[in-house]
Novice: 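To start, I am sharing the structure in question, which I have written as structure tokens.
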Amino acid sequence: MTLSATSVPFAWSLVLAGALVVLSTVPLGAARSQADFSLSDLQAPRAMFERLSPWGKRAAWAHQNSFEAFTLHAPAALLCLVVALSSPGALSSALVVAAAWIHPLARLAYLGAYIGNVPPLRGVCWATGLLCSGVLYVEGLRAVLG
């Protein structure tokens, strides 16, 4: 199956959102290594949370939130991808395409803002990502039901 030009943003949005979940393990791994991680910690990796530095705790929270954001965004991106594949041009508005591209960018900035302890920026990035997912749901459902 070949992707149409209108489906590409949704496919990339899905792939990049998943990649961000994986990327969020990098700072978490660094924080764990600074907290004297040993092989015995593999028996209960969450038990070592109290040994993490403040930035390490934020890295753990950002990692957990990455999963939450992905589980919300992935169905929206898939919905739009399926709609775009079955009805090319149905989701070609600038708003829906922008939402697909902005979501992973906002989530990447969110990771940096959370780990770097910049709460206002973190909040803006979180809300932007959530809004982008909402736009994908609304426009995808509008195309399916309309």
Side-chain angles (χ1 to χ4, degrees), residues 1-85 90-144:
M1 174 182 290
T2 304
L3 291 179
S4 66
T6 57
S7 62
V8 169
F10 311 116
W12 272 110
S13 188
L14 182 61
V15 168
L16 293 173
L20 285 168
V21 174
V22 175
L23 178 68
S24 71
T25 64
V26 173
L28 179 58
R32 285 180 176 172
S33 71
Q34 287 183 351
D36 300 323
F37 181 79
S38 68
L39 290 179
S40 64
D41 287 318
L42 292 175
Q43 295 173 348
R46 292 194 170 128
M48 73 174 296
F49 181 79
E50 292 306 317
R51 295 194 329 249
L52 295 175
S53 64
W55 79 266
K57 290 177 181 175
R58 290 190 304 273
W61 292 324
H63 174 64
Q64 291 168 355
N65 186 264
S66 293
F67 280 104
E68 295 164 1
F70 182 75
T71 60
L72 185 64
H73 183 70
L78 284 170
L79 171 64
C80 289
L81 180 59
V82 168
V83 168
L85 288 172
L91 294 174
S92 59
S93 77
L95 175 66
V96 72
V97 171
W101 286 115
I102 291 170
H103 179 271
L105 295 172
R107 292 300 305 174
L108 179 61
Y110 173 86
L111 289 174
Y114 205 147
I115 295 166
N117 199 22
V118 186
L121 179 59
R122 182 183 83 207
V124 168
C125 293
W126 178 84
T128 300
L130 186 64
L131 180 64
C132 288
S133 294
V135 166
L136 295 183
Y137 276 113
V138 167
E139 294 301 317
L141 286 172
R142 185 177 291 161
V144 167

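All figures in this text were calculated on a predicted structure; none of them were measured in a lab. Residue indices begin at 1 and follow the sequence shown. Values below: all heavy atoms of this structure, side chains included; hydrogens, waters and symmetry mates excluded.
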Novice: Rounded to the nearest 0.5 Å, what's the gap from OG1 on Thr128 to CH2 on Trp126? Could you check?
Specialist: 10.5 Å
Novice: Write down the atom of Gly129, the atom of Ala106, and the distance for their closest heavy-atom approach.
Specialist: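 Of all heavy-atom pairs spanning Gly129 and Ala106, the closest is N-CB, 4.0 Å.
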Novice: Say you draw a straight line from SG of Cys132 to CZ of Arg107; how long is it, rounded to the nearest 0.5 Å?
Specialist: 11.0 Å
Novice: Would you say the side chain of Leu14 lies within less than 4.5 Å of the side chain of Leu78, judging by non-hydrogen atoms?
Specialist: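 Result yes, sub-4.5 Å side-chain heavy-atom pair found.
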Novice: Do Arg122 and Tyr114 form a cation-pi contact, if we require the NZ or CZ to be under 6.0 Å from the six-membered ring centre and within 45 degrees of the ring's axis?
Specialist: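 Yes, Arg122 sits over the ring of Tyr114.
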Novice: Any idea how His73 and His103 line up, ring-wise: parallel (<30°), tilted (30 to 60°), or perpendicular (>60°)?
Specialist: parallel
Novice: Starting at CG of Leu72, measure out to CZ of Phe67 and round the result to the nearest 0.5 Å.
Specialist: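 Rounded to the nearest 0.5 Å, the CG-CZ separation comes to 15.0 Å.
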Novice: Show, in sequence, the C-alpha distance, side-chain angles and deciding distance for Arg51 and Arg32, and conclude whether the side-chain contact (heavy atoms from CB on, under 4.5 Å) test is met.
Specialist: CA-CA 8 Å; Arg51 295 194 329 249; Arg32 285 180 176 172; over 6 Å; no
Novice: So do Tyr110 and Ile115 actually touch side chain to side chain, heavy atoms under 4.5 Å?
Specialist: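 A side-chain contact is absent here, since even the closest heavy-atom pair is not under 4.5 Å.
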Novice: Between Ala99 and Val135, which heavy-atom pair has the shortest distance, and what is it?
Specialist: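 Answer, listing the atom of Ala99 first, then Val135: CB-CG1, 3.8 Å.
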Novice: Between atom CG of Leu16 and atom CG of Leu105, what is the distance when rounded to the nearest 0.5 Å?
Specialist: 8.0 Å
Novice: Looking only at heavy atoms, what is the nearest atom pair of Ala31 and Trp55, with distance?
Specialist: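 Closest heavy-atom pair between Ala31 and Trp55: N-CH2, 3.5 Å.
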Novice: Indicate the atoms forming the closest heavy-atom contact of Pro9 with Ala100, along with that distance.
Specialist: O-CB, 3.7 Å
Novice: Would you say the side chain of Phe10 lies within less than 4.5 Å of the side chain of Leu136, judging by non-hydrogen atoms?
Specialist: yes
Novice: Working to the nearest 0.5 angstrom, can you tell me the gap between Leu23 CG and His63 NE2?
Specialist: 11.0 Å
Novice: Can you name the closest pair of heavy atoms from Cys80 and Val96 and give their distance?
Specialist: SG-CG2, 4.4 Å
Novice: Please lay out, stage by stage, how Val144 and Val83 fare under the test side-chain contact (heavy atoms from CB on, under 4.5 Å).
Specialist: CA-CA 7 Å; Val144 167; Val83 168; 3.4 Å; yes
Novice: Does CH2 in Trp12 sit with more than 12 non-hydrogen atoms of other residues, nucleotides or ligands closer than 6.0 Å?
Specialist: no
Novice: Quick one: does Leu121's side chain get under 4.5 Å of Pro119's, heavy atoms only?
Specialist: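 Not in contact.
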Novice: State, to 0.1 Å, how close Leu111 and Ser66 come at their nearest heavy-atom pair, and which atoms those are.
Specialist: CD2-OG, 3.5 Å
Novice: Show the numbers, then the answer: is there a side-chain contact (heavy atoms from CB on, under 4.5 Å) between Ser7 and Leu85?
Specialist: CA-CA 6 Å; Ser7 62; Leu85 288 172; 3.7 Å; yes
Novice: Looking at SG of Cys125 and CG of Leu130, how far apart are the two atoms once the value is rounded to the nearest 0.5 Å?
Specialist: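 If we round to the nearest 0.5 Å, Cys125:SG and Leu130:CG are 12.5 Å apart.
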